[in-house]
Amino acid sequence: GKSSGPRVLFLCQSAPESGASEKKESGSGSKPRECELSGSPMNYQELLHSALVPSKIVPLVEKASQNDVPVLILGEQGTGRELIAKIIHHTGERKNRPFSKLDCKFLTEGSFRDQLSAILREVDEGGDPGTVYLKEVGFLEEGNQVNLLRLLEDGFHQNRTEGRILRAPRFISSSSE
């Protein structure tokens with residue numbers, strides 16, 4: 001059947017409101033909140049409350065943007081999963097930090113590792129940890145899933161040359177599976 005839009009899942013050890021361990025589900029660079037699109041700035045807060053975003057997921061998107069937990073967005077292709085990820089990033093605490101997109105459907109195990117290492121290297125060199133959007137995360141190779149899970153659970157990574165502990169980027173993932 002026709003999908004009514006994406007669903008937002010919080011994946012966290014302690015849920016944003018209750019503090020209990022659970023999974024919550026709903027029905028469905030460095031410019032802050034604005035980016036250039038056709039020459040005019042985009043206001044993600046206004047976009048969140050537009051007809052493009054199903055009203056039933058607005059509260060969860062707002063909650064996700066105000067919490068720094070990993071998020072999984074489920075929905076069929078063409079339902080706006082990437083838009084929801086951008087809204088969460090651009091209306092949250094990391095809005096002034098980079099938003100990086102990795103399409104897992106087209107990445108080999110080595111290329112995923114290389115691209116993620118490049119993002120982490122930027123943080124190692126003094127950059128702010130932004131948001132990494134993992135599109136079609138279900139296609140990620142098993143070895144990379146293990147490494148990603150370790151990074152998600154720890155919330156930090158270690159600089160290989162100096163041994164410094166650094167905050168990891170925030171991860172927002174999506175899947176149409």
Side-chain angles (χ1 to χ4, degrees), residues 2-18 22-107 112 115-116 118-120 122-123 127-140 148 151-152 155 167-177:
K2 184 149 172 89
S3 176
S4 61
R7 296 179 317 197
V8 178
L9 298 170
F10 290 98
L11 302 177
C12 54
Q13 292 177 343
S14 63
E17 283 184 359
S18 66
E22 61 184 79
K23 175 173 79 173
K24 293 197 172 202
E25 180 176 343
S26 152
S28 260
S30 45
K31 276 195 146 205
R33 172 168 304 171
E34 301 176 343
C35 69
E36 293 300 318
L37 181 68
S38 304
S40 61
M42 182 177 294
N43 183 319
Y44 285 93
Q45 191 64 43
E46 287 180 12
L47 189 57
L48 175 61
H49 297 284
S50 74
L52 292 174
V53 179
S55 60
K56 65 183 176 181
I57 69 165
V58 168
L60 281 173
V61 172
E62 290 175 329
K63 187 186 293 185
S65 72
Q66 300 308 312
N67 291 282
D68 210 27
V69 296
V71 175
L72 174 63
I73 303 166
L74 299 175
E76 296 175 12
Q77 288 186 349
T79 57
R81 294 171 289 136
E82 185 171 344
L83 176 64
I84 296 300
K86 287 180 179 180
I87 290 171
I88 291 169
H89 170 77
H90 287 287
T91 58
E93 129 185 358
R94 295 185 189 224
K95 64 186 167 208
N96 296 321
R97 299 177 187 153
F99 180 89
S100 305
K101 174 182 157 185
L102 300 178
D103 192 337
C104 300
K105 193 172 189 176
F106 301 108
L107 294 175
F112 174 80
Q115 289 194 31
L116 187 57
I119 292 167
L120 295 177
E122 287 178 26
V123 175
D128 284 329
T131 300
V132 177
Y133 172 55
L134 300 174
K135 182 177 181 179
E136 295 296 350
V137 71
F139 286 92
L140 204 54
L148 179 61
L151 189 57
L152 287 169
R167 184 175 173 200
R170 179 191 194 169
F171 288 90
I172 300 177
S173 306
S174 71
S175 179
S176 61
E177 299 295 310

Report task. Kindly determine whether K101 and Q115 satisfy side chain to side chain contact (heavy atoms under 4.5 Å, CB included), including the steps that lead there. Result -> CA-CA 10 Å; K101 174 182 157 185; Q115 289 194 31; over 6 Å; no
Report task. Take I84 and V71 through the test side chain to side chain contact (heavy atoms under 4.5 Å, CB included) and record every step on the way to the result. Result -> CA-CA 11 Å; I84 296 300; V71 175; over 6 Å; no
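Here the rule is side chain to side chain contact (heavy atoms under 4.5 Å, CB included) with Y133, and of P169, S100, S173, S174 only S174 fits it.
In this structure, the separation between CD on E62 and CG on L48 is 5.0 Å, given to the nearest 0.5 Å. Atom OG in S65 sits 11.5 Å away from atom NE2 in H89 (nearest 0.5 Å). Between K135 atom NZ and L140 atom CG the span is 15.0 Å, to the nearest 0.5 Å. Rounded to the nearest 0.5 Å, atoms OG (S176) and CD1 (I73) are 12.5 Å apart. To the nearest 0.5 angstrom, L83 atom CG is 4.0 Å from I87 atom CD1. How far CG of L116 is from CZ of F171: 5.0 Å, rounded to the nearest 0.5 Å.
In this structure S50 satisfies the side-chain contact (heavy atoms from CB on, under 4.5 Å) test together with L47, L52, sequence neighbours excluded. Contacts of D128 classified as side-chain contact (heavy atoms from CB on, under 4.5 Å), with partners at least two apart in sequence or in another chain: R97.
The closest side-chain heavy-atom distance from V58 to H49 is below 4.5 Å.
Listed for the E177 side chain is no donor-acceptor partner under 3.5 Å among the backbone atoms of L74. Remark: the backbone N or O of T91 is not paired with any side-chain donor or acceptor of Q45 at under 3.5 angstrom. The main-chain N or O of V69 is found under 3.5 Å from a side-chain atom of R170 such that the two form a donor-acceptor pair. Under the 3.5 Å distance criterion, the side-chain polar atoms of R94 are left unmatched by any main-chain donor or acceptor of T131.
Pairing each heavy atom of F112 with each of C104, the nearest pair is CE1-SG, 4.4 Å. Scanning all heavy atoms of the two residues, the minimum distance from V53 to I57 falls at CG1-CG1, 4.0 Å. Shortest non-hydrogen contact noted between P59 and S55 is CD-O, 3.5 Å.
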